[in-house]
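Below is one structure; the comments refer to it alone.
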Amino acid sequence: MAGTSNGKEKVKLSKVIEKMQLVNMTPDIDASGIWLHVPDINRPALQLTGFYQSFDNDRLQIIGNVEFNYLESLSKEERLERYSQLLSSNIPCLIFCRELRPEQEVIDMANKLGIPLLSSHDTTSSFTAEVIRWLKVQLAPCIVIHGVLVDVYGEGVLITGESGIGKSEAALELIKRGHRLVTDDAVEIRKVSDETLVGSAPGVTKYFIELRGIGIIDVKTLFGVESVKETQEIDMVIKLEDWNKDKEYDRLGLEEEYTEYLGNKVVCHSLPIRPGRNLAVIVEAAAVNHRQKKMGYNAAVELYRRVQENLMKGDEDDD
């Protein structure tokens with residue numbers, strides 16, 4: 001079961017301030033009431049010369065050394081006019097990198113217009129790279145699906161299946177074997193690029209597992225901080241299903257099967273459940289096998305090659 005995103009992901013400016021450790025030069029302005037909708041930034045070089053055509057005013061506006069020095073080269077009257085134009089353009093905020101700080105008149109102007117002025121100690125290039133990377137994750141298209149996500153030997157394994165089939169029990173056994181839980185029951189999947197899906201837990205259920213007959217357990221408290229993880233790239237999906245004797249199951253794995261989330265394809269294995277099967281060991285083996293394939297070795301292809309060589313050798317002996 002999956003809930004699709006509405007395409008209107010957003011993040012509070014106050015969360016950006018906290019994550020990027022920004023200094024707020026206008027603390028009287030409520031940054032939690034300002035929302036960002038795009039994971040991009042703008043360095044308003046042309047705007048500071050008075051050119052506002054095609055101006056992306058919904059982006060974070062960043063002042064670096066170049067922009068700041070240009071403004072400082074202007075007369076005070078002209079400089080304040082350029083700041084006034086920019087701050088009056090309905091921008092979410094204005095961020096000064098390298099701990100640069102405008103004069104008090106600009107801060108007073110920003111307070112009057114309700115535009116936060118923020119400061120970062122990072123260089124402009126370092127700050128822009130990090131804030132774009134973080135915003136791309138926060139504002140990526142997102143869906144929520146029913147499943148369990150675990151980190152097994154560095155591979156993100158998403159375990160899906162009908163309710164009550166044993167997903168949480170498999171996750172618990174994997175945790176006991178030294179692997180890490182990302183989330184149980186609800187998995188938030190974000191598409192951060194055309195190749196990458198990242199899974200995380202909703203804040204309410206983070207690090208909790210529901211075990212039927214026992215109830216809710218706190219994995220972080222019971223097994224320690226090394227047993228949990230905040231986010232994980234999703235590398236493969238294991239779909240648990242009841243054993244069906246009339247269904248043909250893949251026994252060689254020569255051809256990969258895929259499932260799709262948010263337009264991205266992910267390798268998927270259907271795993272039939274029968275009494276006595278150790279799910280945790282099978283998941284571990286699947287994760288290691290998937291890792292081997294990424295490194296260029298495919299056991300099924302190797303077996304096929306050996307069989308073909310054997311057949312050819314038998315034909316030569318007959319001759």
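From a predicted model like this one, the values you see are computed outputs, not experimental measurements.
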Verdict with reasoning, E309 to R306, per salt bridge (Lys or Arg N to Asp or Glu O under 4.0 Å): CA-CA 5 Å; E309 286 182 355; R306 291 184 187 181; over 6 Å; no

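Considering only residues two or more places apart in sequence or on other chains, N289 meets the side-chain contact (heavy atoms from CB on, under 4.5 Å) condition with Q292, K293, A299. By the ring-ring contact (aromatic ring centres under 6.0 Å, His included) test, Y52 is found to be paired with F55, residues two or more places apart in sequence or in another chain being considered. When the side-chain contact (heavy atoms from CB on, under 4.5 Å) test is applied to Y258, the partners found at least two apart in sequence or on another chain are E256, K265, V267. A search for salt bridge (Lys or Arg N to Asp or Glu O under 4.0 Å) contacts involving E162 returns nothing, not counting sequence neighbours. Residues that satisfy the side-chain contact (heavy atoms from CB on, under 4.5 Å) test with E169, not counting sequence neighbours, are L211.
Residue pairs that meet the salt bridge (Lys or Arg N to Asp or Glu O under 4.0 Å) test with at least one member in residues 203-215, sequence neighbours left out, are K206-E230.
Between atom SG of residue C93 and atom CD1 of residue I17 there is a gap of 7.0 Å, rounded to the nearest 0.5 Å. From L94, atom CG reaches atom CG of L113 across 11.5 Å, with rounding to the nearest 0.5 Å. With rounding to the nearest 0.5 Å, the separation of CG in N65 from OG in S125 is 10.5 Å. In this structure, the separation between OG1 on T128 and CG on D40 is 11.5 Å, given to the nearest 0.5 Å. Taking OG of S119 as the start and CE of M25 as the end, the distance is 5.0 Å to the nearest 0.5 Å. Between R82 atom CZ and L48 atom CG the span is 8.0 Å, to the nearest 0.5 Å.
Remark: K76 does not engage E103 in a salt bridge, criterion side-chain N to carboxylate O under 4.0 Å. We find that K167 and D184 are not joined by a salt bridge, their nearest charged nitrogen and carboxylate oxygen being 4.0 Å or further apart. One finds a salt bridge joining E302 and R305 here, because a Lys/Arg side-chain nitrogen approaches an Asp/Glu carboxylate oxygen to under 4.0 Å.
With contacts defined as side-chain heavy-atom distances shorter than 4.5 Å, the pair L149/V157 does not qualify. Side-chain atoms of L158 and I238, non-hydrogen and from C-beta on, never get closer than 4.5 Å to each other. Side-chain contact between R43 and Q61 is absent, with no heavy atoms from C-beta onward closer than 4.5 Å. Between E99 and S120 there is no side-chain heavy-atom pair separated by less than 4.5 Å.
In the displayed structure, E226 atom CD is contacted under 6.0 Å by more than 12 heavy atoms of other residues, nucleotides or ligands. Open room surrounds NZ on K112; 12 or fewer heavy atoms of other groups in view lie less than 6.0 Å from it.
L22 and I62 fall within the same hydrophobic cluster, where Ile, Leu, Val, Met, Phe, Trp and Tyr residues are linked whenever their side-chain heavy atoms come under 4.5 Å apart, directly or through other members. A chain of hydrophobic side-chain contacts below 4.5 Å, direct or via other Ile, Leu, Val, Met, Phe, Trp or Tyr residues, connects I282 to L172. V16 and I115 fall into different hydrophobic clusters, where Ile, Leu, Val, Met, Phe, Trp and Tyr residues are linked whenever their side-chain heavy atoms come under 4.5 Å apart, directly or through other members. Note: the hydrophobic cluster containing L46 does not contain I63 (ILVMFWY, side chain heavy atoms under 4.5 Å, direct or indirect links).
Residues N264 and K191 approach most closely at OD1-CE, 3.1 Å, considering heavy atoms. Taking both residues in full, the closest heavy atoms of S89 and Q85 are given as OG-O, 2.7 Å, listed atom of the first, atom of the second, then distance. Across all their heavy atoms, L262 and I189 have their closest contact at CD1-O, 3.6 Å.
Note: Y83 and F96 have tilted aromatic rings, judged against thresholds of 30 and 60 degrees for the angle between ring planes.
Put simply, the residue from K19, K15, R190, E9 that forms a side chain to side chain donor-acceptor pair (under 3.5 Å) with Q138 is K15.
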